[in-house]
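Protein chains get the first letters and strands the later ones, always in sequence-line order, with residue 1 at the start of each.
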Amino acid sequence: MIEAMKKPTPARAAKEAYDPAKIEKKWQKKWASSKVYRSTESKDAKDKFYVLDMFPYPSGEGLHVGHPKGYIATDVVSRMKRMQGMNVLHPMGFDAFGLPAENYAIKTKTNPADSVAKNVAHYKEQLELLGFDYDWSREVNTTDPKFYKWTQWIFLQMFKKGLAFESFEPVNWCPTDKTVLANEDVEDGRCERCGTLVEKKPMRQWVLKITDYADRLLKDLDATGGIPVVTAREGKGAAHENEPFIERDAAVCIIRHWSEDKYLCVNWKATNWQGFVIGGIEKGEDMGTAGVREIQEETGFKNVRFVREVGKVDTRFYQVIKQVNRHAHYVCGYFELKDGERTDISQEEKDLQDPMWLSPAEVQKFLNHEDMKYLWDLYTGAKKQEIKPLLEWPESIKEAQRNWIGRSEGAEIDFELALTKKKSRYVLIHGYKGSPADDFFPWLKTEFEKKGHEVQAPALPNPNDPKESEQVDFILKNCTLDKNTVIIAHSLGCVSALKALMKSNKQISGLVLVAPAIEPNFNKESKERPYHSNFSWNYDFEQIKKLTSGRIALLSDTKEIHRSEYIKYLGTKLSAGVIEVDAVEKHFTGAQEPSILECCTPKAAVFTTRPDTIFGVTYLVLAPEHFWVKEFLDLIDNRAEVEAYIDRAKSKTDIERTDGTKEKTGVELKGLCAINPANGEKVPVWIADYVLADYATGAVMAVPSHDERDAQFAKVYNLPIIDTKLEDKEEMVQKYGKKVVKYKLRDWVFSRQRYWGEPIPLIHCPECGVVAVPEKDLPVKLPKVKFYEPTGTGESPLAAIDSWVNVKCPQCKGKAKRETNTMPQWAGSSWYYLRFMDPDNKKAFVDPAKEKYWSPVDLYVGGAEHATRHLIYARFWHKFLYDIGAVSGIEPFKKLQSVGLIMAEDGRKMSKRFGNVVNPDDIVKQFGADTLRIYEMFMGPFDQAIAWSTQSMVGSRRFIERVWKLAERVGAGKSSAENDRILHKAIKKVTDDIQSLRFNTAISTLMIALNELEKSESLDRHTLETYLKLLAPFAPHVTEELWTDIGNKKSVHVSEWPIFDPALLVEATATIILQINGKTRGSFIAPSGAGKEELEKAAKSAPEAEKWLKDKVIQRVIAVPGKLVNIVTA
RNA sequence: GCCGGGAUGGCGGAAUUGGUAGACGCACACGACUCAAAAUCGUGCGGAGUAAUCCAUGGGAGUUCGAUUCUCCCUCCCGGCACCA
């Protein structure tokens, strides 16, 4: 064999030495000009395969060798899939809005638009050196107005659905980058970009309501995918009532005749929908009961029996009336009829459908919907229900998202707050024609007095013809208005009360307006009331807000629709909460109106996962920012101390506050107590910064005997710790609270006070409020500016550009101003994968047919660091787009693979800072792109972090050179069985390994095959071709060169991927391992098909057996055909 | 603290349902070629031992005829979450 190798008989003229510099550029140009890698929506029956990289953020530093690792992987997969005959979409683009580009621009004093263009060009050059098969005709760039027009469009859709709203809550502020940050942009209390400690600042911000999707984002991580073919619904559902698409989960009933092998099928006349009886599953029903009920109602058959569940189909359809995508399951059951006994069914039902009994063969023909066909196949056993996860994602990333969303189930329990010594004073003001003896007033007075409060309930003069000044003066004369007073006014009494308050100009504790009287000019059509002209109806809302510190509640009776508009109006003017309740009697005229008492009773809701420990509560802790702390500040005994603590907590950064190792601090709210609803016990109320304001209710019932943190706190402040027996959780929740689910996920703070981002397409109009920019005016282009440095004032630099800011209101055409905040870096990347499907569309962000064709992304490859940002944001946007019917699936990325980082040779991260960056351009120059590609894929398991080693690269280079030399040996001879065996072993392994992204073992297989082929006596053209095909995805240039050298005209990259033939692997004999007592002692050759007994016999006669079994008694022999024989001695 | 993933020669790693542990590659050593070197090709390469053989997949136990693989406990490393009630 060595002889043969030494004297090769080259059929092909010996080529000059392998020189990548010569061939790689050549092929890259050829591929580009011949457009081999262009993707179009295929007309033929090819399967599509959408493989995507997380598109790069082009920094000024360019690529280092770590960046292309993921791109090489997708390139390998896309090339194999293409050769396997699939219609491949493998695009590339650039994500370039946001802080890094802007900071780079500021540093280098170039306009971000210019530096981004330069960086993108550089990135592209570097990428092109590596021979990727990207379809560059589909390139997108998030900073291109043609692209961000649609980013803005999606934002507007969210705005219209109420998912984008203005918030004034404290947010994360980075003092270095001078912008707010989303929770996701904060790492360990520091700005993820610059490492500065983040401050909490209350600021006006645009926020996306991602929390509305928390539950679905969590649940769909574990959803099963069902059968994709069946789930892709063409139909539009629920166009009218007779439509058989059902919005809930529905029971599909396969019903067998009582004596014959026939099945009941129905034809819906209105829709020509042919299938089985189907009906929605009602709340509390299972599929069996729903089916039986539905069969009885629709067909009249009385004696139905549910036999077994058949299977499930995931159905999705577009709900025409509501214009949303819907998602439900058809759960199919098999039912039998005992007899033909039947009740009459309504004419209505008869008109809808024609029932008929069909034989199994007829059923199959009859069905005209794929879901029904599929369920029938499940019933007959022709198909098996295949349950795959909807998301084939690494467990670690799913887990990171679960942690981030942080669902916890628990209970909310109200604890009433009361002053221990001081009592409140309630001033009750009755309305028109009323008196303190009427309606709920006497009852309310008693209730307050029971609690020890003082009540003043004046009988106002001339209730039947009230005059403003008379009433106001009477109130001021007879009632005490001070910091301890709560005014409760009803109907017209609200007017008197407000006027009295304004005139007194005294600070009070709170104000409750029960069904307030409507201003006469609020609604011109409202009928004239006799008292209208007796009042002046001019309120100074700002003054009222000040005097009440905003502690105003407005009670609205849901039965009084005409009043609710006015109350809502008052609510906005007074920035007060409107509480809508069912009054006992209309307009709160019942003898008891508990909702009034309820809203006067201060209650703090606590969230707990341990309601079973409620009898162990020894104190209550509120977050320092808690609503009730502000409310009671005036009424407690140690105001100064408490205020000082609140100030201290405010000045702490989050990282200081949440440091669990520090001793806990807090202050008691002296003079205040909380009442445990379970035993009526009064416990002290504390504030402490270990309770977080923005998680759950910001209040905790402290059970030091069962909670470590509470115990620590109790120890510090000497609070009682009582051991208590545990109650039944469910029972406690039922009695004292309600079940709730809380999430750690916060809404997405979506605005940035920076220049380089998509402008938020909204306009602030003094008359109309916040108005969306009309879609026809999109995109709102980012203006070119000279100064784009952040201002630090909480406004973006855009605010200084008057010509841009000042616009006409699209609604009233009056003077208005643009929103000047911009979107965060993550906006464009939340949907870019959709734009690749249809990058030039001017009418829509993606054409629905193209979206349907390419979705979902079949393989998505990128860094694991995006687990809780990009990947959560994109899922959120996708689900939203699904809900409005803009995309067809509920998840964007089917299979996700994370790339392991490539570290520098010194084991640290590659960074300019450490001076350990390896540039791919240099590597390509020295070794060639094919070598770099093979090396990066061969380094180790793809998802594992690994250190770069330029020295180790020579192995990959040698490998290619040996292939190059092997090709010189190719002869015209026929293929040998030996070569076929070598190849087919490799075909199977390489195909499987690329499929499951185990590139390192795929390459090792190719190396093994090469070693074997080198030793093989003959090398025919077919063998070489097959080998080149297998290697082509990894080393596209050299394989293409060798491929054309042996006379092929078409590219190797569009040749057919070899198909594994197991018959070629069968060998006549197999090596069987001989073990004695489980230890390997030798081996012997046996015929491949040898049975257990044959093997046992052969093993016993093997020479090693003789040696090791001398003087031993054989106790047992285990023979595994094709593998081994183990002889066990006593 | 909770959750997820790991630990195999000098190094990167392989062993797809429990069946010859160390494939493939790097490094290293020796040999061939050469005046010489590089390149290339060949041979060797977990540890101990002349050898027979014994020991070895982070440590300890267990299940099994047989364990890198399964179960339990422990140590260490990486990643996510974290005063989340």
Asker: Could I get a table of every N or O pair under 3.5 Å where one atom is in the protein and the other is in nucleotides 3-10 of chain B?
Answerer:
| unit_1 | atom_1 | unit_2 | atom_2 | d |
| --- | --- | --- | --- | --- |
| B/C3 | O2' | A/Glu399 | OE2 | 2.4 |

Asker: For A/Glu399, enumerate each residue passing the side-chain contact (heavy atoms from CB on, under 4.5 Å) test, keeping only those at least two apart in sequence or located in another chain.
Answerer: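 A/Glu395, A/Arg402, A/Asn403.
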Asker: The criterion is ring-ring contact (aromatic ring centres under 6.0 Å, His included); which residues satisfy it with A/Phe607, sequence neighbours excluded?
Answerer: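 Residues passing ring-ring contact (aromatic ring centres under 6.0 Å, His included) with A/Phe607: none at all.
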Asker: Listed by chain and number, what are the side-chain contact (heavy atoms from CB on, under 4.5 Å) partners of A/Val716, not counting sequence neighbours?
Answerer: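 A/Val716 satisfies side-chain contact (heavy atoms from CB on, under 4.5 Å) with A/Glu663 once adjacent residues are dropped.
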Asker: Can you tell whether the side chains of A/Lys965 and A/Glu1014 come within less than 4.0 Å, N to carboxylate O?
Answerer: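 So A/Lys965 does not pair with A/Glu1014 through a salt bridge.
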Asker: Could I get the full list of side-chain contact (heavy atoms from CB on, under 4.5 Å) partners for A/Pro684, not counting sequence neighbours?
Answerer: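 A/Tyr619, A/Glu668, A/Trp686, A/Leu719.
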Asker: If a pair satisfies salt bridge (charged side-chain N to carboxylate O under 4.0 Å, His left out) and one of its residues is in residues 947-958 of chain A, list it, with sequence neighbours excluded.
Answerer: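 Salt bridge (charged side-chain N to carboxylate O under 4.0 Å, His left out) check on residues 947-958 of chain A returns A/Arg957-A/Glu961.
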Asker: For A/Arg648, which residues count as a side-chain contact (heavy atoms from CB on, under 4.5 Å) partner, sequence neighbours excluded?
Answerer: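 Listed in chain order: A/Tyr645.
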Asker: Using the criterion of both pairing distances under 3.5 Å for Watson-Crick and G-U wobble pairs, give all stems of 3 or more consecutive pairs involving RNA chain B.
Answerer: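 So far as stems of 3 or more pairs are concerned, RNA chain B shows B:1-7 with B:75-81, B:10-12 with B:24-26, B:28-32 with B:40-44, B:46-48 with B:53-55, B:58-62 with B:70-74.
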Asker: If you look only at distance, which donor and acceptor atoms sit under 3.5 Å apart when one is on a side chain in residues 862-872 of chain A and the other is two or more places apart or in another chain?
Answerer:
| unit_1 | atom_1 | unit_2 | atom_2 | d |
| --- | --- | --- | --- | --- |
| A/Arg869 | NH1 | A/Asp185 | OD1 | 3.0 |
| A/Arg869 | NH1 | A/Glu192 | OE1 | 3.3 |
| A/Arg869 | NH2 | A/Glu192 | OE2 | 3.2 |
| A/His870 | ND1 | A/Ser829 | O | 3.4 |
| A/His870 | NE2 | A/Tyr860 | OH | 2.7 |

Asker: By a strict heavy-atom criterion of less than 4.0 Å, which residues belonging to residues 989-998 of chain A are in contact with RNA chain B?
Answerer: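 Heavy-atom contacts with RNA chain B come from A/Lys989, A/Asp993, A/Arg998.
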Asker: Produce a footprint string for nucleotides 21-29 of chain B: one letter per nucleotide, 5' end first; B if the base is under 4.0 Å from any protein heavy atom, S if only the sugar-phosphate is, - if neither.
Answerer: S-BBSSS--
Asker: With sugar-phosphate meaning primed atoms plus P, OP1 and OP2, does A/Arg407 contact a base, only sugar-phosphate, or nothing at under 4.0 Å between heavy atoms?
Answerer: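 Touches nothing.
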Asker: Does anything in residues 930-949 of chain A pair up under salt bridge (charged side-chain N to carboxylate O under 4.0 Å, His left out), and if so which pairs, sequence neighbours excluded?
Answerer: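 For residues 930-949 of chain A, and leaving out neighbouring residues, the salt bridge (charged side-chain N to carboxylate O under 4.0 Å, His left out) pairs sorted by first residue read A/Asp75-A/Arg933.
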Asker: Using the six-membered ring of A/Phe713, assess whether NZ or CZ of A/Lys664 lies under 6.0 Å from its centre and within 45 degrees of the ring axis.
Answerer: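 Geometry flag: not set, cation outside 6.0 Å or 45°.
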